[in-house]
Amino acid sequence: MRAERPNEMMKLGAFFHPTGNHVAAWLHPEAQIDAGTNYRHYAQLAQTAERGKFDLMFLADAVAVREGKLAALSRWPQYMVFFDPVMLLSAVAPVTKHLGLVATATTSYNEPYNVAREFASLDHISGGRAGWNVVTSANLAEARNFGREAHYEHDERYERAIEFSEIVFGLWDSWEDDAFIRDRATGRYFDPAKLHVLNHKGPHFSVRGPLNMARPPQGRPVIFQAGSSEVGRELAARIAEGVFTPQHTLPAAQQFCRDLKGRMAKYGRQPDELKVMPGLNPVVGRTTKEAYEKHGYLQSLIHPDVGLELLSNALGGFDLSEYDIDGPLPDIPEYLGLNSHTAFRQVTGWARDEKLTIRQLYERFAGARGQRTVIGSPAEIAEHMAEWFLGRGVDGFLVQPPYLPGGLDDFVDLVVPELQQRGLFRSEYEGTTLRGNLGLKRPPSRYASGS
Ligand SMILES: Cc1cc2nc3c(=O)[nH]c(=O)nc-3n(C[C@H](O)[C@H](O)[C@H](O)COP(=O)(O)O)c2cc1C
């Protein structure tokens, strides 16, 4: 089987939701209860991930407190208060050496100049380990913090994202790599011929430039993307070098991978310039039985108010409070899915195909927050990951421990060695930059001679 991808290793990212991925993680006695505002917690997680030779740590973001019924929100603290991710990663940079530092920033409620500057700064501070997860936001609460009463429509968000990211890439090329000569003898600090003014004027943004930060060490921080809709895939094929996506079966993951990589040629890109890393929510036990007990315990902590709220969010705000929790999902109007395509289809698909009750639906969705859960012994989890990787359904995984820090310790101490023994994952870092470890080329400046 190993002959199928003989010279390749899988890539691993660690997704750190503050207390963990499981919606009830904070209730677990071993979870860091004040995680959202505890810097030491993240520093420790980052060091553990680096001990496990992870390619990167990833932080999600929203520029709002979640909205919803307070009865549910007050039982579900995830992302109610949490650090600005770029600031947090800047503080993690000096306590790590190799780990990639990937933060989310939305193209709907930011200005390209600010984003270009922040991520270029993070790349310099970390010595070339920054990554930007380009999202368009799926959240009306964010719109309300930025002078709008309504969120941009789905496809308009993606149009803005394309223009936004092109501007950011242009700003990162403001200074050529060798623009700063810093020559005391001639008294010349930079070469004026190597400074470029973007002068962008487009439908959504007008940005003159240049950026007040030197070209990032990686040329461009690594670009990630997490939208799986038609326009989301098109954006990924155009700009992404890593893609996070919820995939639940190997055939669906294979199809997604083929589809996405098949779209890249029209943007002049090769398939291996993009790493597909679906979410994986591992519940690791020393034995299968112990793993199922751990999972059952976490599921038992989900309060119905929280489960219904999460399901309602996935269903475009449809209020389920009047329905029998142990009855079927009512018909949900299609238009409610317009702003959350992927989650909407997933939940309505499970209800239709597997006839799950409302409680079963929220337990499945809430437990892993839409990502695939794999429960088992270290060897079982490693086997599952091997099958998906060797079967070309994935290039790697975005590991989302159910609670933190314990769930990460389990993965690093128990599953990583299994992957290493199978020759599927590194024992030492290949390089010092995120690009180097992911096997991605450093893009030349658009202005550099010869490029
Ligand atoms: C692993 C993962 C992480 C994500 N992180 C964020 C995030 O931090 N902020 C955000 O607004 N959206 C986030 N999203 C949502 C996506 O950016 C996107 O809005 C969502 O997948 C729906 O996109 P689609 O309509 O193209 O399918 C994430 C999605 C995935 C799968």
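Counting starts at 1 for both ligands and their atoms, in listed order. Both backbone and side-chain heavy atoms feed into the values below; hydrogens, waters and symmetry mates do not.
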task = Please work out which of Ser229, Ser137, Pro278 has its closest non-hydrogen atom nearest to atom 26 (O) of ligand 1.
result = Ser229

ask   = Is the closest basic N to carboxylate O distance between Lys266 and Glu234 below 4.0 Å?
value = yes

query = Would you say Ala226 and ligand 1 have an N/O pair spaced under 3.5 Å apart?
reply = yes

ask   = What part of Asp61 sits under 4.0 Å from ligand 1 if we count only heavy atoms: the side chain, the backbone, both or neither?
value = backbone

inquiry  = For ligand 1 and Thr136, I'd like to know whether there is a polar contact (N/O to N/O, distance under 3.5 Å).
reply    = no

key: Check: Ser228 N/O within less than 3.5 Å of ligand 1 N/O   = yes

key: Atoms in ligand 1 flagged as close to Leu398, the criterion being non-hydrogen separation under 4.0 Å   = 1 (C)

key: Salt bridge present between Asp410 and Lys294 (N-O < 4.0 angstrom)   = yes

task = Could you tell me whether Arg220 and Glu241 make a salt bridge, using a distance below 4.0 angstrom between a side-chain N and a carboxylate O?
result = no

task = Find all atoms of ligand 1 within a distance of less than 4.0 Å from any non-hydrogen atom belonging to Phe244, and give their numbers and elements.
result = 1 (C), 31 (C)

inquiry  = Taking distance alone, with N or O pairs closer than 3.5 Å, would you say His154 contacts ligand 1?
reply    = yes

Show me the side-chain donor-acceptor pairs of residues 141-149 shorter than 3.5 Å, one per line, residues at least two apart or across chains.
residue	atom	partner	partner atom	Å
Glu142	OE1	Val63	N	3.2
Glu142	OE1	Ser137	OG	3.0
Glu142	OE2	Ser137	OG	3.2
Arg144	NH1	Glu67	OE1	2.6
Arg144	NH1	Glu67	OE2	3.2
Asn145	ND2	Val63	O	3.0
Arg148	NE	Ala150	O	3.0
Arg148	NH2	Ala150	O	3.4

Residue Pro246 vicinity, atoms of ligand 1 by number, heavy atom under 4.0 Å = 31 (C)

key: Side chain, backbone, both or neither: Gln225 near ligand 1, heavy atoms under 4.0 Å   = neither

ask   = Aromatic rings Trp388 and Phe397: how do their planes relate, parallel, tilted or perpendicular, breaks at 30° and 60°?
value = tilted

message = Checking side-chain polar atoms at under 3.5 Å, does Asp34 have a donor or acceptor matched by the opposite partner on Asn38?
response = yes

request  = Could you name each residue pair satisfying ring-ring contact (aromatic ring centres under 6.0 Å, His included) that touches residues 42-73, not counting sequence neighbours?
outcome  = Phe15-Phe58, Phe54-Phe411, Phe58-Phe244

ask   = Are His41 and Phe16 an aromatic pair by the rule of ring centers under 6.0 Å?
value = no

query = Tyr158 heavy atoms, cut-off 4.0 Å: which ligand 1 atoms fall inside?
reply = 23 (O), 24 (P), 26 (O)

query = Hey, which atoms in ligand 1 end up nearer than 4.0 Å to a heavy atom of Gly227?
reply = 21 (O), 23 (O), 24 (P), 26 (O)

ask   = Under 6.0 Å between ring centres, would you say that holds for Tyr109 and Tyr152?
value = yes

ask   = Near Thr104, which atoms of ligand 1 are under 4.0 Å from a heavy atom of that residue?
value = 7 (C), 8 (O), 9 (N)

